[in-house]
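Notes follow once the structure below has been shown.
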Amino acid sequence: MVSTKAQLYTAYLRATGQKRFYDDARALRHRLHRHQRPSMARPPRRLRRTCTIERQDVRGFPCWTLRPRRGATAGTHVLHLHGGGYVEEIETHHWSFAADLVDRLGRAVTLPIYPLVPRHDHTETRPMVYAAYERIADDRPAEDLVVSGDSAGGALALAIAQRLREAGRMYAEGTEPHDPRISPLHADLTGLGPFSL
């Protein structure tokens, strides 16, 4: 069932002509410059009231990390990939969503500003988001990393998950993934000296 808020937003999109942006290829090309303004790829100033903001470049594209001003609690880090049909830059509501996550969770949220069509295609976009994931994953256990996305960003989040699965399969080389030689989580560890996971 569609919420009242979603129905109102759909009506707003129709009234403002936003839906035509995707419905007509000519309209999309004509209005694309408005949807890819460089200023959109920077966090709004108002976010600095509640978040600290750090920028890193990943493969030549900005990657912004928002943290609570009071300091992020240890643990989960969210990598969120914004939507926009691979043609629209991150928008105000994406920034607001990320700031809300930071506030509610007390955790860091990273937003890669990935390459967009028509200047770039999947051969640049996917490697950039993989590299953004790897940069965050480098210093934390997998269970402390959440990958999320909306719309096109959801497809990119799924691409990261598929890549991780395939890397594990390459390592296993046909061996069952639950084999203790592949995954120590399934090994019998009795009799070993003290250690921590």
Side-chain angles (χ1 to χ4, degrees), residues 32-168 170-171 197:
L32 196 57
H33 69 281
R34 286 187 245 164
H35 294 263
Q36 294 186 353
R37 291 188 311 273
S39 62
M40 297 169 76
R42 291 188 297 273
R45 289 182 191 267
R46 64 180 167 72
L47 295 188
R48 297 188 188 279
R49 282 178 277 187
T50 57
C51 302
T52 61
I53 302 171
E54 172 191 332
R55 175 188 167 147
Q56 291 186 322
D57 283 347
V58 176
R59 291 184 165 247
F61 293 90
C63 196
W64 298 93
T65 299
L66 284 60
R67 290 185 172 83
R69 277 215 161 277
R70 62 190 177 281
T73 53
T76 307
H77 189 122
V78 178
L79 176 73
H80 184 73
L81 299 150
H82 71 85
Y86 307 107
V87 296
E88 291 190 77
E89 196 55 86
I90 189 169
E91 295 190 36
T92 304
H93 66 275
H94 297 121
W95 291 112
S96 297
F97 173 74
D100 191 45
L101 278 179
V102 169
D103 183 53
R104 289 173 186 254
L105 301 176
R107 305 287 203 261
V109 175
T110 295
L111 299 156
I113 308 302
Y114 55 83
L116 300 173
V117 172
R119 284 174 286 196
H120 309 280
D121 62 26
H122 72 97
T123 62
E124 292 171 277
T125 303
R126 290 168 59 118
M128 187 274 178
V129 298
Y130 296 155
Y133 171 86
E134 288 164 3
R135 185 169 290 188
I136 295 168
D138 258 358
D139 61 351
R140 66 184 35 84
E143 62 269 17
D144 285 348
L145 184 55
V146 173
V147 179
S148 67
D150 64 278
S151 190
L156 290 171
L158 186 57
I160 291 171
Q162 290 170 311
R163 180 181 170 130
L164 293 172
R165 179 194 64 200
E166 295 309 318
M170 285 187 338
Y171 175 71
L197 295 175

Let me check something: any side-chain donor-acceptor pairs from residues 111-122 under 3.5 Å, sequence neighbours excluded? List them with distances.
from   : atom 1 : to     : atom 2 : distance (Å)
Tyr114 : OH     : His82  : O      : 2.6
Arg119 : NH2    : Gln36  : OE1    : 2.8
His120 : ND1    : Glu124 : OE1    : 3.1
His120 : ND1    : Glu124 : OE2    : 3.1
Asp121 : OD1    : Thr123 : N      : 2.9
Asp121 : OD1    : Thr123 : OG1    : 2.4

**Asked** Quick check: does any side chain N or O of His94 sit under 3.5 Å from a backbone N or O of Glu91, one acting as donor and the other as acceptor?
**Response** yes
**Item:** Spacing of CD1 belonging to Ile136 relative to OG1 belonging to Thr110, to within rounding of 0.5 Å
**Value:** 3.5 Å
**Request:** Take Leu66 and Trp95 through the side chain to side chain contact (heavy atoms under 4.5 Å, CB included) test and state the conclusion after the steps.
**Result:** CA-CA 10 Å; Leu66 284 60; Trp95 291 112; 4.2 Å; yes
**Asked** Between atom CD of Glu134 and atom CG of Leu79, what is the distance when rounded to the nearest 0.5 Å?
**Response** 11.0 Å
**Item:** Straight-line distance of Thr125 OG1 to Met128 CE, nearest 0.5 Å
**Value:** 9.0 Å
**Request:** Keeping to residues at least two apart or across chains, list the salt bridge (charged side-chain N to carboxylate O under 4.0 Å, His left out) pairs with something in residues 45-66.
**Result:** Glu54-Arg67, Arg55-Asp57
**Asked** Mind checking what makes salt bridge (charged side-chain N to carboxylate O under 4.0 Å, His left out) contact with Asp150, not counting sequence neighbours?
**Response** none
**Asked** With sequence neighbours left out, what residues match Ser148 under side-chain hydrogen bond (donor to acceptor under 3.5 Å, both in side chains)?
**Response** His80
**Asked** Residues in side-chain hydrogen bond (donor to acceptor under 3.5 Å, both in side chains) with Asp100, at least two apart?
**Response** Arg104
**Item:** ring pair (Phe, Tyr, Trp, His ring centres under 6.0 Å) partners of His77, counting only residues at least two apart
**Value:** none
**Fill in**
Interatomic distance, CG@Leu47 vs CD1@Ile53, rounded to 0.5 Å, equals 5.0 Å
**Prompt:** Short question: side chain of Arg140, backbone of Ala137 - any donor-acceptor pair under 3.5 Å?
**Reply:** no
**Minimal non-hydrogen separation, Gly84 against Ala152, with atom names** = N-CB, 4.3 Å
**Complete:** When every non-hydrogen atom of Arg163 is compared with those of Tyr130, the smallest separation belongs to NH1-CD1, 2.6 Å
**Request:** Check step by step if side chain to side chain contact (heavy atoms under 4.5 Å, CB included) holds for Leu164 and Tyr133.
**Result:** CA-CA 10 Å; Leu164 293 172; Tyr133 171 86; 3.4 Å; yes
**Fill in**
Here the gap from Thr76 atom OG1 to Asp144 atom CG, rounded to the nearest 0.5 Å, amounts to 5.5 Å
**Criterion side chain to side chain contact (heavy atoms under 4.5 Å, CB included) on Asp103 and Thr50, from CA distance to verdict** = CA-CA 8 Å; Asp103 183 53; Thr50 57; 5.8 Å; no
